[in-house]
Amino acid sequence: MKRGFTILAVLTALLLSFSLYAALVLAPTEQTMGNVQRIFYYHVPSAWVAFQLFLINFVASVIYMIRRSTKADIVALVTAEVGVVFCTVVLITGPIWARPVWGIWWTWDLRLTLTLVLWLIYVSYLVLRRFSSSSQTPLLAAVLAIFGALDVPLVYFSIWFFRTQHPAPVIGGGGSLDPRMGWVLVSNWIAFMALAWLICWTRYQLEVAQRAVHEAEAMQSLMEGAR
Amino acid sequence: MNFLTVTRATLAKDIRLEWRSKDAINAMLFFSLLVVVIFSFAFDPTAEESRRIAGGLVWVAFLFAAIVALNQTWARELRNQVLDAYRVSPAPAIPLFLAKAVGNFIFVAALEALMTPLFIAFYRLRPLGPGWQLIPIAILGTWALVVNGTFFAAMSLRTRAREIMLPLLLFPLSIPALLGMVNSTTAILTGETSPAFWIALLVAYDVVFTTACLLLFETVLEAE
Amino acid sequence: MNANHYLYAAYIMTWAIHGTYLYNLARKAKRVRREIEKLKKPAIARSAPEQKS
Amino acid sequence: MKQFGRFAALRGVTAEFSAGKLYVILGDNGAGKTTLLRTMAGLAHSTRGKITVLGSENIQASRAQIGYMAHPSLLYDEMSGMENLRYFAKLYRIPAGEVDRRCREAILSVKLDPDLERPVGQYSQGMRQRMSLARALVNDPELLLLDEPFSNVDARSAAEMAGLVAHARDRGKTVFVVTHQAAQLELYADEFIWMESGRIVNRTSALQGAKG
């Protein structure tokens, strides 16, 4: 397994650097926004990966509710944590892009606002996991994840309608995408997905090790107490 | 039907205790008054402007009052671990949740009823749109906060920083409901747009989360 | 601050955020590895005064 | 086996207990006494292994027949004893007509005055413990689980409580008592169960039995 990991790591590194090169150089410069539009190739794929991770978190939480399998719980924790990291990237690159183009740091763009709300929900998810002192923390976290997922469509529609009342510039530009830009976007997306997979896998092993160590320590203090 | 008797008994017990001790009521009344006065100092707009921002102010003030009330939901049950007495009994979990949620709703609605005249006075509010629709909006909006609030108050029982945990869990999820309440109120006050969409959103929000709370409350209650 | 600066700022920030997270992961991993070492030593050695690393 | 947070509070507690007996569970702090009692009461859940209470594994089914009393009184301080019991009686599906009679009976059985208006919060510790026992008896349960009924109570109240517990057993109830003051029940108890770090290490019929 170790060998497979390193091969994947090298491949991801290659893919990432190629996609970076493609985004900065190969992709054509957009007429209206100029070079700054290239932020698009990092901003949008990060958002897609974040949403994918949160989707996996929801599925893992439902599985945990049904089967109470620790594996599902750890997957839920890991995807939430890494998802928040990718979400932070989106929330930082968004305003950096909006500033030069529209002269404002924040715009109630549909995707950007949805990412912000999701970020808030999953940060509260991680806070709950850290502060919960009950032995049933995974269960409480799973319940919160399900509530979060139920909230997403409501958030989507409320912001969508909110935006029709307060028109705001759209980040990432809707409309048809020039195919020469399209493949660069997709290659970055794949690179980010591979990166996300690597980070999740490492974080998963770390969590498993951490829980084993805590258990061993607890068992030991119990034994020492008994002697 | 035991379900109803338990709900009624728990609700009656809570109201009687609240009426008897009154400690929470007085604290919250004073807190809400403070919130209204401070908001009025902070924002002193002309009549036209006030109609535009009053919706947001009123609901943020109600949100604060609700949070303070929701934090008290399980205080009495915690004092002598009375919750264990309920959990040991054959009574199902849902009546307890419903009684607590309705109790909170009555409590927060009372606070709102007292704060509203102050807002009207301080901001010289006169709705241009159909004013009567503010009632269903208030009911739907308050229930949206209270049903999730009671649920998350039960969830934060199992955490260390209980008082801060409730808002942390409740606010992100309540964003759609808050948008609904604020925008529908503003729509009616300014009379420019129709609040129909926002009211529909609030109804959807209430239905979705009331169901989720009823289905998942037992899991949270039993999470020893 | 012309447009390119914003572009590079965005790319650098992306890797700064990922970097910070991975750095924290590495630190946590080191701590877990140290705890595993500590657990492996026999009980007597364990109660010897721990030097704070 | 109950995985409790990070450590196993109960490991391999396999034991048979018969009805109509008074068992006293002893052991140092952290031996898992309270965890065992709470698991029997259906308040804590065993992650591995199972508990059969009153013939059924699903604790929910037998909750009507369980009475549970713990150190914090499990009563509302602002309400009088009678008001407390009237509320809890409704949780046990006791028909409205019988509620008052059953509550008065339970309070009298612990030698307290049902018409005492004073809120429980102003009771003495001894009286509060006894009212707490009354609450556990309101549904006339077959199984009585008492967690530290004698804690910080003066000698006279402790002796009185011991008498009440024995009386409950004599009326055919199965009683489990977790306590550090086992001496109170030395004359009445049928069996003493010694627990250590999550395991039953010894079962003796007399208190003097060798410990573990």
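Protein chains get the first letters and strands the later ones, always in sequence-line order, with residue 1 at the start of each.
Heavy atoms only, all atoms of each residue included: A:Thr29 and A:Gly34 are closest at CG2-C, 3.6 Å. A:Ser187 and A:Leu15 get closest at one heavy-atom pair: O-CG, 4.5 Å. When all heavy atoms are compared, the tightest approach of A:Ser17 to A:Ala13 is OG-O, 2.6 Å.
The distance from the CD1 atom of C:Ile36 to the CD atom of A:Glu217 is 10.0 Å, given to the nearest 0.5 Å. The structure places OH of A:Tyr64 at 10.5 Å from CD1 of A:Ile74, a figure rounded to the nearest 0.5 Å. To the nearest 0.5 Å, atom CZ of residue C:Arg27 and atom NZ of residue C:Lys30 are 8.0 Å apart. Atoms CG and CZ, on A:Leu118 and A:Arg111 in that order, are 13.0 Å from each other to the nearest 0.5 Å. Going from atom CG of C:Leu22 over to atom CG of A:Leu195 covers 7.5 Å, rounded to the nearest 0.5 Å. Expressed to the nearest 0.5 Å, how far CG of A:Leu8 lies from CG of A:Leu198 amounts to 4.5 Å.
The choice from A:Val90, A:Leu20, A:Leu206, A:Thr93 that makes the most heavy-atom pairs within less than 4.5 Å of chain C is A:Leu206. For the set C:Arg33, C:Met13, C:His18, the entry with the most heavy-atom pairs within less than 4.5 Å of chain A is C:His18. Between chain A and the options C:Tyr21, C:Trp15, C:Tyr11, the largest number of non-hydrogen pairs under 4.5 Å is found for C:Tyr11.
Looking at A:Leu16, only its side chain comes within 4.5 Å of chain C, counting heavy atoms on both sides. Both the backbone and the side chain of A:Ile39 come within less than 4.5 Å of a heavy atom in chain C.
Between A:Tyr122 and A:Tyr125, the ring planes are tilted. Angles from 30° to 60° get that label.
Residues of residues 46-54 of chain A never come within less than 4.5 angstrom of chain C, heavy atom to heavy atom. Using a 4.5 Å cut-off between non-hydrogen atoms, the part of residues 75-89 of chain A that approaches chain C consists of A:Glu81, A:Val82, A:Val85, A:Phe86, A:Thr88, A:Val89.
With hydrogens and angles ignored, the 3.5 Å screen pairs a side-chain donor or acceptor of A:Thr6 with a backbone N or O of A:Arg3.
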Could you go through the salt bridge (charged side-chain N to carboxylate O under 4.0 Å, His left out) check for A:Arg203 and A:Glu207 one step at a time? CA-CA 6 Å; A:Arg203 180 67 181 84; A:Glu207 185 63 19; 2.9 Å; yes
